[in-house]
Amino acid sequence: MASEMQRYVTNEDDEEMDVKEEDDEDEDEDDEDKNGTMPAMAGFDGAHGSSSSNMFQHHQQYQEPPTPCGGSRRCRPLEEKERTKLRERQRRAITAKILAGLRRHGNYNLRVRADINDVIAALAREAGWVVLPDGTTFPSKSHSQVTGATGGTPTTMVTSSSSHIPTQHTPPASLKGTPSGFQNTANHSACQMKSVFIPTSSPYDSSSTARSQTSAMVADGQDTQNDPFLVGSGDSIDKQLGVINMKSELVDADGLVKQLRVLKSTNVDGVMVDCWWGIVEANAPQDYNWNGYKRLFQVVREHKLKIKVVMSFHECGGNIGDDVCIPLPHWVSEIGRSNPDIYFTDRAGRRNPECLSWGIDKERVLKGRTAVEVYFDYMRSFRVEFDEFFEDGIISMVEVGLGPCGELRYPSNPVKHGWRYPGVGEFQCYDQYLLKGLRKAAEARGHSFWARGPDNAGSYNSQPQETGFFCDGGDYDGYYGRFFLNWYSQVLVDHADRVLSLAKLAFDGTCIAAKLSGIHWWYKTSSHAAELTAGFYNPSNRDGYVAIAAMLKKHGAALNFKCAEMSMLEQAVDFSEALGDPEGLAWQVLNAAWDVSLPVCSENALLCHDRGGYNCLLEKAKLLNDPDGKHIFAFTYLRLGPLLIDGQNFMEFERFVKRMHGEAVLESTVVRESRQSSLCA
């Protein structure tokens, strides 16, 4: 990672002197002047400042004498070529300074030899536009459809009921499939849903994540095993087609009906839907608009499909792959302008508006309400508004968003702030409210000077051995380090505890769930640095997931775990450089959940349409011949889109759903009867 860090501090002089003196550029200028006249450079030089234009002002009136070259081309004197090269050096020197300033002060992750096109592309992407590698630029779905379809796209889900409902990524999504019959962790057999979840299209960086998409659910009584899934930085979301716009209106109902019919033909059980806080309570506190979701749920019910609902309290559109933007409610953003400490903040003071800081869980800074009260009022409104769907069993599970991408973690690795895999990320505890809590904890411990974050933990893209805090034998395992990490991780657990206790109250009688991301890079180091910054106090000498499992058990909540499936799908991904171990992490988390009899759900992070990939998912869906019946209770398959329902891809998907339901499927010359398993999207 050292080489990558050097990019951010590249010597400006090197960039200034790295000028390509190519004849092609000179020839381009030749073509512009077909009459033998030197083009005026006022506009060009003027763009770089007055000093540049003054330096070459006398060139603007320069007229080249006729040459014997003939045709539309001419032979320019050597003197003019030298002037052209000088102008190019001046232009590149200015560009180099702009790039250096953006890297150092604007946190733009620009390559060392970037040019003005890279700057424009970065600014366009930050503004919500899509910029393709060839330079083609167009508004993203969320940008071009501000009043059109943004959220609410369904995803296909397959879930199977299991007499054993044992159990089990990150953000941001929409509709996903969910198991239907699950009531609580004590009554595992009550949950008998088949579901496959397949979302459709949306997503990007860290400030937002749009989901409201459809997913199909398929249920069958089955044992499923855990599935390690990649959850890089927060919600990895595939492109999804929004079906609910920012006015909370159902968009393209006919297209939705066609998709649901296709899903139903594969015998999936339901869909997963993200109910976006930024859409429903967009304009004013407690002014809820559920109209679009009502219509959507009615359409799903007409097709006799179940619904798994996600209470999405985060922003959509800021994570990798996002092309839909659903910000936090407008009135919350207004509060954030005058009080930016309501957002998570890093050591440099950069705010992350993807979700609210847990520091205001008990602070009445949201128009007289605390953040937890706002979440509870929203969930209670949903429960009252959709009472008939709960009573009829159409809504089978409610997943509660607990952080960025809806996952229980700190936003420690935001792409928008320059993070790139496999950086360790940064601690996010520098808003005034979390710092106040840290001061109280330090004073209670008798060491008031510990009321600070680590000052030697590196930056977003550091590697553990480059820092004094995360390196082997580093401060993370010293007295101060253990104090800080205990406090930092406990804030995460306490936040989930508060929100889930109210969710259990609001959705009494319905299974609730929480999503946990799998931060697998640097797992093979002693400090587990990336996990520490995300809030998981899980170094090599401590199990950081036991406390989370115990907290979920307390509320009878299911665990939705998504970790790196790339190795599972035999992708050409090398985890060795980052000393990652996605499967090792998956087993640790799953066993922590199974040890306390938690139901475990999961979902894939990467698109999969081939038989080999599906077979890997099937093998990971449950443990073969496990005497304790440990398995994944529900699996969500991502996602629904034109590619999935196209010819051979759809045939493979149908075959996959059948096998997830334990049906015998002809495979080459051998008929293999897969075990019953549960899938949920």
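For this chain, numbers begin at 1 and follow the sequence in order.
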For this session: Grab the two heavy atoms, one from S526 and one from D472, that are nearest each other, plus how far apart they are.
Result: OG-OD1, 2.8 Å
Problem set entry | Worked verdict on N352 versus Q428 for side-chain hydrogen bond (donor to acceptor under 3.5 Å, both in side chains) | CA-CA 9 Å; N352 189 337; Q428 305 290 314; 5.4 Å; no
Exercise. ring-ring contact (aromatic ring centres under 6.0 Å, His included) with W450: which of Y479, W487, F483?
Worked result: F483
For this session: May I ask you to check whether Y537 and Y488 place their ring centres under 6.0 Å from each other?
Result: no
For this session: Please work out which of the three classes, parallel, tilted or perpendicular, describes the rings of W419 and Y421, given edges at 30° and 60°.
Result: perpendicular
For this session: State whether K367 and E281 are salt-bridged, where the test is any N-O pair (Lys NZ or Arg NE/NH1/NH2 against Asp/Glu carboxylate O) under 4.0 Å.
Result: no
Seminar exercise, completed: Rounding to 0.5 Å, atoms OG (S489) and CZ (F484) come to a distance of 9.5 Å
Exercise. Cation over ring, R452 on Y480, under 6.0 Å and within 45°?
Worked result: yes
Exercise. What do you reckon, is NE2 of H330 surrounded by more than 12 foreign heavy atoms closer than 6.0 Å?
Worked result: no
Exercise. Do C511 and M397 come within less than 4.5 Å of each other through their side chains, counting heavy atoms only?
Worked result: yes
Seminar exercise, completed: Sorted by chain and residue number, the side chain to side chain contact (heavy atoms under 4.5 Å, CB included) partners of A514 (sequence neighbours excluded) come out as L402, L500, L552
Problem set entry | Worked check of side-chain contact (heavy atoms from CB on, under 4.5 Å) between Y433 and T345 | CA-CA 10 Å; Y433 302 105; T345 307; over 6 Å; no
Exercise. Would you say the side chain of V424 lies within less than 4.5 Å of the side chain of E466, judging by non-hydrogen atoms?
Worked result: no
Exercise. Can you tell me how far the CZ atom of R351 sits from the CG atom of D431, to the nearest 0.5 Å?
Worked result: 7.0 Å
Exercise. Which heavy-atom pair separates P285 from R369 by the least distance, and what is that distance?
Worked result: CB-NH2, 3.7 Å
Exercise. Can Y288 and F382 be said to form a side-chain contact (heavy atoms from CB on, under 4.5 Å), step by step?
Worked result: CA-CA 9 Å; Y288 307 108; F382 176 82; over 6 Å; no
Exercise. For K436, what residues pass the side chain to side chain contact (heavy atoms under 4.5 Å, CB included) criterion, not counting sequence neighbours?
Worked result: E363, R439, K440
Problem set entry | Shortest non-hydrogen separation from S448 to E443 and the atoms involved | CB-CG, 4.1 Å
For this session: Show the numbers, then the answer: is there a side-chain contact (heavy atoms from CB on, under 4.5 Å) between L366 and L356?
Result: CA-CA 11 Å; L366 301 176; L356 298 179; 3.8 Å; yes
Problem set entry | Residue pair E531 / Y523, side-chain heavy-atom distance below 4.5 Å | yes
Exercise. For the residue pair A529 and P464, what are the closest heavy atoms and their distance?
Worked result: CB-CG, 4.0 Å
Exercise. Do side-chain atoms of H314 reach the backbone of G406 as a donor and acceptor pair under 3.5 angstrom?
Worked result: yes
Problem set entry | Residue list, ring-ring contact (aromatic ring centres under 6.0 Å, His included) with Y476, at least two apart or on another chain | none
Exercise. Hey, does W331 have a side-chain heavy atom less than 4.5 Å from the side chain of D287?
Worked result: no
For this session: Compare every heavy atom of V499 with every heavy atom of M379, then report the nearest pair and how far apart it is.
Result: CE-O, 4.2 Å
Problem set entry | Ring centroid separation W358 to F344 under 6.0 Å | yes
Problem set entry | Expected output: side-chain R347 to main-chain P454 donor-acceptor under 3.5 Å | yes
Problem set entry | Closest non-hydrogen atom pair between A549 and A592, with its separation | CB-O, 3.5 Å
Problem set entry | Gap between atom OG of S527 and atom CD of Q465 - 0.5 Å precision | 7.5 Å
Exercise. Do the ring planes of F313 and Y375 sit parallel (below 30°), tilted (30 to 60°) or perpendicular (above 60°)?
Worked result: tilted
Seminar exercise, completed: Residue set satisfying salt bridge (Lys or Arg N to Asp or Glu O under 4.0 Å) with R364, at least two apart, ordered chain then number -> E373
For this session: Please test R542 against N486 for side-chain contact (heavy atoms from CB on, under 4.5 Å), starting from the C-alpha separation and ending with a verdict.
Result: CA-CA 11 Å; R542 186 180 189 275; N486 264 305; 3.6 Å; yes
For this session: Using the test side chain to side chain contact (heavy atoms under 4.5 Å, CB included), find all partners of N541 that sit at least two apart in sequence or belong to another chain.
Result: D477, P539
Exercise. Got T533 and Y410 here, is their nearest side-chain heavy-atom distance under 4.5 Å?
Worked result: no
Exercise. Checking side-chain contact (heavy atoms from CB on, under 4.5 Å) against V365, which of T370, D341, I342 comes through?
Worked result: I342
Exercise. How far apart are the C-alpha atoms of E603 and K515, what are their side-chain angles, what is the distance that settles it, and do they pass the salt bridge (charged side-chain N to carboxylate O under 4.0 Å, His left out) test?
Worked result: CA-CA 10 Å; E603 61 190 51; K515 180 183 284 190; 3.2 Å; yes
Problem set entry | D475 (side chain) donor-acceptor with G481 (main chain) under 3.5 angstrom | no
For this session: State, with a plain yes or no, whether a side-chain heavy atom of L328 is found less than 4.5 Å away from one of Y343.
Result: yes
Exercise. CG/D497 to CG/L492 distance, rounded to the nearest 0.5 angstrom?
Worked result: 11.0 Å
Exercise. Roughly how far, to the nearest 0.5 Å, is CZ of F470 from OG1 of T525?
Worked result: 9.5 Å
For this session: With the side chain counted from C-beta on, respond yes when W522 and Q463 share a heavy-atom pair under 4.5 Å apart, and no when they do not.
Result: yes
For this session: Nearest 0.5 Å please: distance from the CD1 atom of I519 over to the CG atom of N538.
Result: 11.5 Å
For this session: Could you tell me whether the side chain of S517 reaches within less than 4.5 Å of the side chain of F536, counting heavy atoms only?
Result: yes
For this session: Return the set of residues passing side chain to side chain contact (heavy atoms under 4.5 Å, CB included) with A348 (not counting sequence neighbours), or none when no residue passes.
Result: D346, R350
